[in-house]
Amino acid sequence: MKIVFMGTPAFSVPVLDALIGAGHEITCVYCQPPRPAGRGKKPRPSPVQARAEALGLPVRHPASLRGAEDQAAFSALNAEIAVVVAYGLILPQAVLDAPARGCLNIHASLLPRWRGAAPIQRAIMAGDAETGICIMQMAAGLDTGPVLLRRAVPIGPEDTAGDLHDRLSALGADTVVEALARLDTLTPQPQPEDGVTYAAKIDKAEAQVDWTRPAAEVDRLIRGLSPFPGAWTPIGAERVKLLRCRLAEGTGAPGEVLDGFRVVCGDGRAVQIMSAQRPGKRAMDTADFLRGARLPARLT
């Protein structure tokens, strides 16, 4: 098919590669504009832009698609279909209607659960047993369109958002290729009205660990926010990010540090920290971290 691809972050790159590998023609790649990054704050292209340019594909990165000129330019591509994954901009109705067979979105949840910006993180933080990928026909609402294909995956007891991100990215790539191959025979299924939840964008204010909370909740927060923005706890004058953990046994007061970086939580159980990162340093496993950091008797 003649496809317009629309995506921005690293999550989207395997999808672009899979579409090309399946023999589809990518007529144009849309992504968000380069953002200032690094010490010099120089504009840095997104992962999708970098990959598309390496493949010799035409790239556009308008700040918005609401203008008539940008919409006309999109329509002039005469695409058969658009494939959208983590693009980051709202598509106006004129853009949704432009491709002959509409726009397909790859969403990283089992819709209608976790519509919105942060479905991977929210699924872990909520304690969901599974999540997955939905291939959805795009409509004007937020992730409200009918679903063509869905594939579920379990969420393991030690999975982080980063782990799940990588698995779902690969699964999304495989599933959209399957959906395109079966497009003429798939029946779109409207999303049920029951079970709708919204995955609000992660606020950095959520990231500080509250050791008075139950251990299961603390465990899910740490894993759900790893690697970014990273749940953190103050140790001395530093904000130390906690990146991997597991539930553990241990008794004491909330925040009490036991041997091997086990921390007691509010319900009398503990969380074992398995990986942590000091500001400006690389992530380290617990053994390496403890060689260079002195833990207090209690975390607040």
Side-chain angles (χ1 to χ4, degrees), residues 1-65 67 69-91 95-96 98-108 117-120 133 135-136 138 151 160-181 183 226-229 282-283:
M1 292 186 182
K2 188 176 180 181
I3 294 174
V4 174
F5 181 79
M6 309 180 82
T8 298
F11 185 87
S12 311
V13 172
V15 180
L16 177 60
D17 287 340
L19 293 172
I20 293 171
H24 296 290
E25 177 189 351
I26 307 300
T27 184
C28 190
V29 172
Y30 277 72
C31 55
Q32 289 200 41
R35 307 292 189 201
R39 292 182 178 179
K41 296 299 180 183
K42 294 181 179 179
R44 178 180 297 173
S46 68
V48 164
Q49 180 178 344
R51 180 60 178 155
E53 290 176 346
L55 292 168
L57 298 173
V59 176
R60 297 176 182 174
H61 40 70
S64 169
L65 288 168
E69 185 176 340
D70 286 320
Q71 292 178 11
F74 184 89
S75 181
L77 293 168
N78 294 316
E80 190 170 354
I81 200 165
V83 172
V84 184
V85 51
Y87 177 41
L89 291 180
I90 298 294
L91 302 190
V95 172
L96 294 175
R101 306 191 70 169
C103 301
L104 294 187
N105 178 252
I106 304 170
H107 188 74
I120 296 174
I133 286 291
I135 308 300
M136 174 188 68
M138 294 186 72
R151 297 288 182 263
T160 66
D163 297 332
L164 208 52
H165 169 284
D166 293 348
R167 293 210 303 273
L168 290 175
S169 177
L171 181 61
D174 291 342
T175 307
V176 79
V177 168
E178 179 185 352
L180 291 171
L183 198 58
S226 175
F228 182 83
R282 64 177 178 86

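Predicted model, so just to flag it, every value in this text is computed and none were measured. Quick note: numbers below take in every heavy atom, side chains included, and nothing from hydrogens, waters or symmetry partners.
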### Query
Say you draw a straight line from CG of D174 to OG of S169; how long is it, rounded to the nearest 0.5 Å?
10.0 Å

#### Entry: Taking every non-hydrogen atom, the tightest pair across T160 and S226
CB-O, 3.8 Å

#### Entry: Atom of V177, atom of A22 and distance for their closest heavy-atom approach
CG1-CB, 3.9 Å

### Query
Pick one: which of V85, I90, V83, V84 meets side chain to side chain contact (heavy atoms under 4.5 Å, CB included) with Y87?
V84

### Task
For residues L91 and L65, report the shortest heavy-atom separation together with the two atoms involved.
CD2-CD1, 3.7 Å

### Query
Heavy atoms, side chains only, cut-off 4.5 Å: are Y30 and D70 in contact?
no

### Message
Can you tell me how far apart CD (E178) and CG (L171) are? Round to the nearest 0.5 Å.
### Response
9.5 Å

### Query
Out of curiosity, H61 NE2 to C31 SG, how far, rounded to the nearest 0.5 Å?
6.0 Å

### Query
Are there more than 12 heavy atoms of other residues, nucleotides or ligands under 6.0 Å from atom CZ of R44?
no

### Task
Quick one: closest heavy-atom pair of F74 and R60, and the distance?
N-NH1, 3.9 Å

### Query
Side chains of L180 and L104: closer than 4.5 Å at any heavy-atom pair?
yes

### Interatomic distance, D17 atom CG to F5 atom CZ [nearest 0.5 angstrom]
9.0 Å

### Task
Measure the CD-CG distance between Q49 and L57 for me, rounded to the nearest 0.5 Å.
12.0 Å

### Message
Can you give me the closest heavy-atom contact between G102 and I81, atom names plus distance?
### Response
O-CG1, 3.3 Å

### Task
Compare every heavy atom of F11 with every heavy atom of I120, then report the nearest pair and how far apart it is.
CD1-CE1, 4.1 Å

### Message
To the nearest 0.5 Å, what is the distance between CE on M1 and CD1 on I26?
### Response
11.5 Å

#### Entry: Sub-4.5 Å side-chain heavy-atom contact between E25 and I3
no

### Query
side chain to side chain contact (heavy atoms under 4.5 Å, CB included) between H107 and I133: does it pass, once the steps are laid out?
CA-CA 6 Å; H107 188 74; I133 286 291; over 6 Å; no

